2 protein chains.
Amino acid sequence: MPTPDRTSLEAIVSAGRDILEASGPGGLTMNAVAERVGVKAPSLYKRVRDKDALFRLVADATISDLTTSLHGPTLRDLAVAMRSFAQTRPQGFRAIFTTGASPEAIAAASEPVLRACRNLVGEERALDAARTVTSWAYGFITMEMSGAFQLGGDIDSAFEAGIDLLTQALSEPQARA
Amino acid sequence: MPTPDRTSLEAIVSAGRDILEASGPGGLTMNAVAERVGVKAPSLYKRVRDKDALFRLVADATISDLTTSLHGPTLRDLAVAMRSFAQTRPQGFRAIFTTGASPEAIAAASEPVLRACRNLVGEERALDAARTVTSWAYGFITMEMSGAFQLGGDIDSAFEAGIDLLTQALSEPQARA
DNA sequence: ACCTGAACACCGTTCAAGT
DNA sequence: ACCTGAACACCGTTCAAGT
């Protein structure tokens, strides 16, 4: 005898995101998700293969939000947007590269950066440039969040110095083959 | 009646590093460490506050090895050394910023980068420059390891393009206040 | 003074039994 | 067709009891 569903994949992923942000990766347990969703833990396995798959769904939903918040034509706009996203959702941001989001989701997030780079350096050098800028922004934000910048100096202005250096270097006519 | 020690903090940390590299963070359990060290799990608590503290000791030992392997005067030398360290000890490299190594250990690792930057841009801009270069290198290596570069193109040459761009930009007379 | 067995609370996951 | 209680193997951690 069929029973009306008491939850949904969407609700499960959404609960997972809230719990991750509130309690960190250690707090994201099957039990915690089940409880928030109004069900017992074993029921989650009807909708999700295992905890790892749930974690990946959370990472995917997060990178998709990141992509949405990435607007503005310049590299500075994009870098600033990425940093403020990370500040409001630090755990989710971390999960993106910790767990590994799906290739499609990563490709979508790359689009705005690639476009900005194409404008600066042209089609041929755009991919390398995008990788350099994304690596820098991701590295800076991650190091900042983990408290790795401890040698003094202003961190906001270090971020500005980085984006200035990169933008300026990519705006130049071109140096070497 | 005192008993001769059956293990040591050093042996515990060393076992932790081996296990982390061999089995990943999920495999680094108190039980696994105890067994490799020839003792039962509860005994570890005589030498280590808890699992988290053990994890931090492992991260510290790893960043200290990283520091040792960071030689060469140019930023390219340092970036290449960092990448090859990460390739031989991926799990340990990840743990450095995941768990957060100690401020002193991070400061020691920063020294060679700071020195190379001082040569290029002078004392005043050295810290910002070091942060930009380190962020880029760390971000690139982390993204590469997590399989985030999926849009084609050669990854080695993207790494070269990054280090070229940064070195070149930092070598220039100076652009703006 | 270190080591251990036993115990506790908590994981993730499976599965037969309920509706 | 979904949901659950019970069960399993495995965590991290504490502590009284051994030597």
Side-chain angles (χ1 to χ4, degrees), chain A residues 1-62 91-92 94-95 98-101, chain B residues 1-62 91-92 94-95 98-101:
Chain A
M1 220 147 268
T3 304
D5 293 11
R6 237 164 285 189
T7 185
S8 67
L9 181 59
E10 197 195 345
I12 289 170
V13 174
S14 167
R17 302 219 275 160
D18 292 347
I19 292 168
L20 175 64
E21 223 51 71
S23 319
L28 182 49
T29 69
M30 297 302 269
N31 244 311
V33 173
E35 188 178 2
R36 175 178 280 245
V37 126
V39 107
K40 301 295 179 181
S43 298
L44 298 178
Y45 294 82
K46 284 284 156 183
R47 305 213 163 39
V48 148
R49 164 174 253 125
D50 55 19
K51 194 200 175 183
D52 220 72
L54 172 54
F55 219 95
R56 247 171 289 138
L57 288 170
V58 167
D60 257 34
T62 305
Q91 301 290 349
R94 264 209 151 86
T98 266
T99 305
Chain B
M1 220 146 269
T3 304
D5 292 10
R6 236 164 288 187
T7 185
S8 67
L9 182 59
E10 197 195 344
I12 290 170
V13 174
S14 167
R17 301 217 277 160
D18 292 348
I19 293 168
L20 175 64
E21 221 53 71
S23 319
L28 182 49
T29 70
M30 297 302 269
N31 244 310
V33 172
E35 188 179 2
R36 174 178 281 245
V37 126
V39 107
K40 300 295 179 182
S43 299
L44 299 179
Y45 293 82
K46 285 283 156 184
R47 304 213 161 48
V48 150
R49 166 175 248 116
D50 57 18
K51 193 199 176 184
D52 221 71
L54 173 54
F55 219 95
R56 250 171 287 138
L57 288 169
V58 167
D60 257 33
T62 305
Q91 301 290 349
R94 264 209 151 87
T98 267
T99 304

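So that the names make sense, note that chain A is the first sequence line, chain B the second, and so on, each numbered from 1. Just so we're clear, the structure is a prediction, and the values are computed from it rather than from any experiment.
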Does NZ belonging to K51(A) count more than 12 external heavy atoms closer than 6.0 Å?
yes
Heavy-atom nearest pair, A32(A) first then G27(A), reads CB-O, 3.8 Å
Expected output is a numbered-order residue list: members of residues 14-25 of chain B with a heavy atom under 4.0 Å from any atom of DNA chain C. What is it?
none
Name the pairs: protein N/O against N/O of nucleotides 16-18 of chain D, kept only if under 3.5 Å.
none

Contact summary for A34(A) and K40(A), nearest pair of heavy atoms
CB-C, 3.6 Å
Is it true that D5(B) and K46(B) make a salt bridge, defined as a side-chain N closer than 4.0 Å to a carboxylate O?
no
Residue list, salt bridge (charged side-chain N to carboxylate O under 4.0 Å, His left out) with D52(B), at least two apart or on another chain
R56(B)
Under the criterion side chain to side chain contact (heavy atoms under 4.5 Å, CB included), which of T7(A), V13(A), V37(A), L57(A) is the partner of R47(A)?
T7(A)
Separation of I19(A) CD1 from R36(A) CZ (nearest 0.5 Å):
5.0 Å
Nearest heavy-atom approach of V48(A) to A53(A) is CG1-CB, 4.5 Å
Measure across A59(B) and A95(B) and return the closest heavy-atom pair with its distance rounded to 0.1 Å.
CB-O, 3.8 Å
Within residues 53-62 of chain B: residues closer than 4.0 Å to DNA chain D (heavy atoms)
none
Whether E21(B) side chain and G92(B) backbone form a donor-acceptor pair below 3.5 Å
yes
What residues from residues 29-52 of chain A pass a heavy-atom cutoff of under 4.0 Å to DNA chain C?
T29(A), M30(A), N31(A), P42(A), Y45(A), D50(A), K51(A)
For T7(B), which contact category applies under a 4.0 Å heavy-atom criterion: base, sugar-phosphate, or nothing?
sugar-phosphate
Given side-chain contact (heavy atoms from CB on, under 4.5 Å), test M30(A) with L54(A) step by step and report yes or no.
CA-CA 9 Å; M30(A) 297 302 269; L54(A) 172 54; 4.1 Å; yes
Shortest non-hydrogen contact between F55(A) and T99(A), atoms and distance
CD2-OG1, 2.8 Å
Any stems for DNA chain D, made of 3 or more Watson-Crick or G-U pairs in a row, each with both distances under 3.5 Å?
C:4-8 with D:12-16, C:12-16 with D:4-8
Could you report the tightest heavy-atom contact between V33(A) and G16(A), atom names first, then the distance?
CG2-CA, 4.2 Å
